[in-house]
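Scroll down for the structure; my scribbles are underneath it.
The structure presented is a predicted model; accordingly, all values stated were derived computationally and were not measured. Convention: sequence-line order gives letters A, B, ...; per-chain numbering from 1.
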Number of protein chains: 2
Amino acid sequence: MKHTPSRATGRPTLAQVAARAGVSQITASRALRSIATVDPQLAIRVHDAAKALAYVPNPAARTLASARSHSILVLVPALSNHLFIETLEAVQDVLRPRGFEVLIGNYHYRQDEEEELIRNYLSFQPCGILLTGFNRSETAAQLLTNAGVPCVYMMELRQEEGIVCVGFSQEAAGAKVADHLLSRGRRKLVFVGAQLDARVLQRRDGYQQAIARAGLSPAIEIMTPEPSSVELGGDLFNQLLAAHPDTDGIFFCNDDLAFGASFEALRKGVAIPERISVVGFNDLPGAGQMVPRLTSVRTPRATIGQQAAASLLKLLDGETPEIPALDLGFELMIRESS
Amino acid sequence: MKHTPSRATGRPTLAQVAARAGVSQITASRALRSIATVDPQLAIRVHDAAKALAYVPNPAARTLASARSHSILVLVPALSNHLFIETLEAVQDVLRPRGFEVLIGNYHYRQDEEEELIRNYLSFQPCGILLTGFNRSETAAQLLTNAGVPCVYMMELRQEEGIVCVGFSQEAAGAKVADHLLSRGRRKLVFVGAQLDARVLQRRDGYQQAIARAGLSPAIEIMTPEPSSVELGGDLFNQLLAAHPDTDGIFFCNDDLAFGASFEALRKGVAIPERISVVGFNDLPGAGQMVPRLTSVRTPRATIGQQAAASLLKLLDGETPEIPALDLGFELMIRESS
DNA sequence: GATTAGTAAGACAGCGCTATCTCAAAGTCG
DNA sequence: CGACTTTGAGATAGCGCTGTCTTACTAATC
């Protein structure tokens, strides 16, 4: 008798399931993968056998044999912004129950890091990729194309043949904020931006365009590539007050900046909204509790994650989503700060 | 001539690297894995060949052949608390450069979900697991033991043979807060807790014990199993004021609760710290910018992630960390709110 | 009733890598 | 100097699964 090979995992294998069900291994494989060409009766026998043995497929073997994993890569520019956390959670909620493994890559808003992550993670042969926005290096884009892995883009929209994306119009959101501030009689408008990724710039553009449409001179721009934070918001606010004391309306590209500014305003006795109206972006947790309660644009980040995952599943099934560029809109939450 | 099998990945394989280096496949394998028994000269030849071919190992094949992946599972109770994000980032920063794939599991503070995640992810044969705390279901613990995968526990400490953990004493942190409030002359102390996971309760215990040591009657406890949030903090604060108007010191188990309470205090004109001293926990971003600036316990969550990952790497190398239960301490950041 | 088409099940051969065993060459010792 | 250990490299045999080709059968067609 040959001894049992020591390097076996010890877990039941497909062969054992097949033996127990009295079918061939390949039939068991097909039955468990719900492939149509298996007799329903046999399929039931196989499933029963699998359950009885507590069989769990070996993903490595499956990936090796099929040259395609069941893992899905999600690339986000940051985890520190709560926004992306909600998107990730939604993505996981859709994909994990369907048996997919979700790999999370954080590229810290750096193109080179994103490229590196793509390069590394492609070696895992993911069966699909969820990406944030369209702004990436040529090489990264090329790697994705060459890999031939289905991709769905999140957050931004682009109407283009073969591109599947889920998001909302960052420009429209920026414009909406401008219109709102203008409707409140504000005329000395400012845009405060940090991080300066593509989406921040799109919001800025929409904001400025709306101001231009109203026949006013462009908003002053206070911008820094530093990562957005509460502390930075306070600093930029102080800087702004010193340089442009007559400012009467500010659009912060992210809520945390607005939070920091609000704190400084309280400290300095700058009346919000009486003297300056303040609007944030993303409606992060706490915006509605701030003093004063912060007006902000509520973005559908969870729904974006959910729908992006759903679209990717469609692509994996060989279908095309009926709406390739899905616009989920946004909502301006008008509160006390404006 | 036999046709090239269509299901090949198309990527260069180890066999090609070996051929190019003029060695056998297994020697190439050993060279690339830096196994000592390979002649340095040969090893260099192999590495050159690999570089020339842009060879990337196939993780699935590796996992299948060795019955052990290069992925490490990290289980955290939540992503919504910024605390764990920082831990995760630190873990990734240590493990990714070493070639490990980091799998993130979020169990939403639910034991059943954690158990399910462990069950699922064990099928990926992770080579190590990082866990949060010690509080989990019997079954989950059993699964981990049976799997024989090295584990490192984060956040809490336990001196026990065979347990490797990195964290700090939650009790000591709670006690420190109590001592601080007492040193400020506060006598009507309150503990406000949400989520009520094991660590919150440990902080509470340390807090109460320090109060008892000072010979005072126990702090009033306002506790709810709801998830911690800014909004909830405001609600609990209002509730507390109504029920115990003479309160003069509050310890919130997490900063977001303290944030919400501070906002409500501003709104209601309750003077912090004159009438009530407030202390938070974790020193989350923004705590130092609050109005008033929030006193909080700064927890070493990033270092915990880093050291936990380092300890796990040691375990994977067959070594034991010199300090199995690594206490990284904490720091009370005394600011305006107390 | 013979031929064709269609379908379900199986045989076979890997996917790309590593564990294990084997063997030759070099080094060690009394 | 021969027997014995050590060491480096290769041969072999899978890991557990799925793609592809084949075969056995049933149903459909004239």
Side-chain angles (χ1 to χ4, degrees), chain A residues 2-46 50 53-70 99 122-125 127, chain B residues 2-46 49-50 53-70 99 123-125 127:
Chain A
K2 211 175 160 198
H3 75 107
T4 308
S6 58
R7 53 208 189 93
T9 43
R11 298 198 320 220
T13 71
L14 187 59
Q16 291 171 35
V17 174
R20 190 173 227 259
V23 299
S24 75
Q25 188 171 325
I26 188 66
T27 300
S29 170
R30 290 198 268 246
L32 293 176
R33 282 180 294 155
S34 324
I35 287 178
T37 64
V38 177
D39 184 89
Q41 295 258 330
L42 277 191
I44 291 172
R45 287 230 310 270
V46 171
L53 292 171
Y55 169 75
V56 180
N58 182 323
R62 172 174 287 186
T63 302
L64 182 59
S66 65
R68 182 123 295 193
S69 76
H70 268 208
L122 279 180
S123 78
F124 292 97
Q125 298 165 280
C127 59
Chain B
K2 212 176 161 202
H3 76 109
T4 308
S6 59
R7 53 210 188 89
T9 43
R11 299 198 321 222
T13 70
L14 186 59
Q16 292 171 37
V17 174
R20 197 182 167 121
V23 299
S24 75
Q25 187 172 325
I26 187 65
T27 301
S29 169
R30 289 198 267 246
L32 292 176
R33 282 181 293 154
S34 327
I35 287 179
T37 63
V38 178
D39 184 88
Q41 296 258 331
L42 277 191
I44 291 171
R45 287 230 310 272
V46 171
L53 292 172
Y55 169 74
V56 180
N58 182 322
R62 174 173 286 185
T63 302
L64 182 59
S66 65
R68 181 123 298 190
S69 77
H70 267 206
S123 78
F124 291 97
Q125 297 165 278
C127 59

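What you find for B:Q25 and B:A18 is that their closest heavy atoms are CA-CB, 3.6 Å.
Following rounding to the nearest Å, B:Q41 (CD) and D:dA9 (P) show an atom-to-atom distance of 10 Å. C:dT18 atom P lies 8 Å from atom CG of B:L32, rounded to whole Å. Distance CG (B:L14) to P (D:dG10): 12 Å, rounded to an integer number of Å. Atoms CZ (A:R62) and C1' (D:dG19) sit 14 Å apart, rounded to a whole Å. Residue B:N58 contributes atom CG, which lies 16 Å from atom P of D:dC17 at whole-angstrom precision.
Set against D:dG16, C:dA8, C:dG16, the side chain of A:D39 has C:dA8 as its closest nucleotide. Minimum atom distance to the side chain of B:L64 is reached by D:dC15, of the listed D:dA9, D:dC15, C:dC17.
Taking only distance into account, the side chain of A:R30 meets the base of C:dG10 through a donor-acceptor pair shorter than 3.5 Å.
Dashed line: the shortest gap from a side-chain N or O of B:S29 to OP1 or OP2 of C:dC17 is not under 4.0 Å. Between C:dA19 and B:R33, a contact under 4.0 Å exists linking OP1 or OP2 to a side-chain N or O. A close approach under 4.0 Å does occur between a side-chain nitrogen or oxygen of A:S24 and OP1 or OP2 of C:dG10. Not one side-chain nitrogen or oxygen of A:T27 sits closer than 4.0 Å to the OP1 or OP2 atom of C:dA9.
For the pair B:L42 and B:R45, the minimum side-chain heavy-atom distance is below 4.5 Å. Side-chain contact between A:P59 and B:S123 is present, with at least one heavy-atom pair separated by less than 4.5 Å.
Between the side chains of B:R33 and B:S29, at least one donor N or O sits under 3.5 Å from an acceptor N or O.
Mapped onto DNA chain D by nearest heavy atom, B:V23 and A:I26 fall at different nucleotides, with B:V23 at the one closer to the 5' end.
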